[in-house]
Amino acid sequence: TINQQTAVVDSPATTAWRMTPTTANVTATSPLVLKIGTVVCAASSLVTVTVRMRRNNAGLTMRLICPGGQISGVATDVFSDMTAAINTWETVTITFTPTKPGAVNIYAYAFGTATTLGYVSNLTATQA
């Protein structure tokens with residue numbers, strides 16, 4: 001399940017998205033998926049996307065991902081998983097350089113241990 005909530009929040013946000021896999025069948029190849037934004041990109045310039053993530057169990061993988069094939073120059077998935085200790089907010093970052101202008105969708109994935117909690121907040125995107 002995915003819910004917007006106010007109990008666990010990373011400042012300056014006033015809400016965060018809570019991602020709760022309800023079965024162990026939620027895996028890296030079939031994750032719980034939350035679209036967290038669309039980023040419009042210019043050509044030939046580095047794009048940096050960051051988000052704050054938190055989890056309450058080390059068995060839960062929280063991933064920031066830009067799936068490949070959405071824009072020229074980004075043929076494969078670009079992703080990064082959070083690595084911080086449980087109950088700690090972490091800034092997770094991905095970078096990519098499109099070769100043509102366009103837009104990409106950015107997602108948060110959660111998978112692994114069932115009935116655990118992951119949180120997503122404070123998306124930022126910049127381009128050099």
Problem set entry | Least distance between heavy atoms, C41 atom then I71 atom | CB-CD1, 4.1 Å

For this session: Might you work through the side-chain contact (heavy atoms from CB on, under 4.5 Å) test for V8 and W89, ending with a clear yes or no?
Result: CA-CA 10 Å; V8 179; W89 284 101; 4.0 Å; yes

Problem set entry | Side-chain heavy atoms of R54 within contact of E90, under 4.5 Å | no

Exercise. With D77, which residues qualify under salt bridge (Lys or Arg N to Asp or Glu O under 4.0 Å), at least two apart?
Worked result: none

Distance-only donor-acceptor hits, side chain of residues 43-53, under 3.5 Å, sequence neighbours excluded:
unit_1: S45; atom_1: OG; unit_2: A128; atom_2: O; d: 2.2
unit_1: T50; atom_1: OG1; unit_2: T124; atom_2: OG1; d: 2.4
unit_1: R52; atom_1: NE; unit_2: D10; atom_2: OD2; d: 2.7
unit_1: R52; atom_1: NH1; unit_2: T91; atom_2: OG1; d: 2.9
unit_1: R52; atom_1: NH2; unit_2: D10; atom_2: OD1; d: 3.3

Exercise. Does the side chain of P67 reach to within under 4.5 Å of the side chain of N105, using non-hydrogen atoms?
Worked result: no

For this session: Quick one: do L64 and I106 satisfy side-chain contact (heavy atoms from CB on, under 4.5 Å)? Show the steps, please.
Result: CA-CA 7 Å; L64 175 63; I106 305 295; 3.5 Å; yes

Problem set entry | T95 side chain near V78 side chain, heavy-atom distance below 4.5 Å | no

For this session: Check whether NZ of the Lys or CZ of the Arg R63 lies under 6.0 Å from the centre of the six-membered ring of F79 and within 45 degrees of that ring's axis.
Result: yes

For this session: Go through the structure and list residues passing side chain to side chain donor-acceptor pair (under 3.5 Å) with Q70, not counting sequence neighbours.
Result: none

Tabulate below the donor-acceptor pairs under 3.5 Å that side-chain atoms of residues 107-117 make, not counting sequence neighbours, or state none.
unit_1: T113; atom_1: OG1; unit_2: G59; atom_2: O; d: 3.2
unit_1: T116; atom_1: OG1; unit_2: T113; atom_2: O; d: 2.9

Exercise. Which heavy atom of A13 sits nearest a heavy atom of N122, and at what distance?
Worked result: CB-OD1, 3.3 Å

Seminar exercise, completed: Rounded to the nearest 0.5 Å, the CG atom of N3 sits from the OG1 atom of T20 at a distance of 6.5 Å

Problem set entry | Test side chain to side chain donor-acceptor pair (under 3.5 Å) applied to T99 - qualifying residues, sequence neighbours left out | S72

For this session: Mind checking the CD-OG1 spacing from Q127 to T97? Nearest 0.5 Å is all I need.
Result: 8.0 Å

Exercise. V92 and I2: same hydrophobic cluster, using ILVMFWY side-chain contacts below 4.5 Å?
Worked result: yes

For this session: Would you check if T1 and T22 make a side-chain contact, meaning some heavy-atom pair closer than 4.5 Å?
Result: yes

For this session: Would you please say whether a donor-acceptor pair under 3.5 Å links the side chains of D81 and T61?
Result: no

Exercise. Do the non-hydrogen side-chain atoms of I86 and N56 ever get within less than 4.5 Å of each other?
Worked result: no

Problem set entry | Student check: side-chain heavy atoms of P31 and I65 closer than 4.5 Å | no

Exercise. Which residues pass the side chain to side chain donor-acceptor pair (under 3.5 Å) test with T15, sequence neighbours left out?
Worked result: Q4

For this session: Using a 4.5 Å cut-off on heavy atoms from C-beta on, say whether the side chain of M62 contacts that of M19.
Result: yes

Exercise. Shared ILVMFWY cluster between V40 and F96, side chains joined below 4.5 angstrom?
Worked result: no

Problem set entry | From CA spacing to verdict: side-chain contact (heavy atoms from CB on, under 4.5 Å), W17, S121 | CA-CA 7 Å; W17 291 100; S121 187; over 6 Å; no

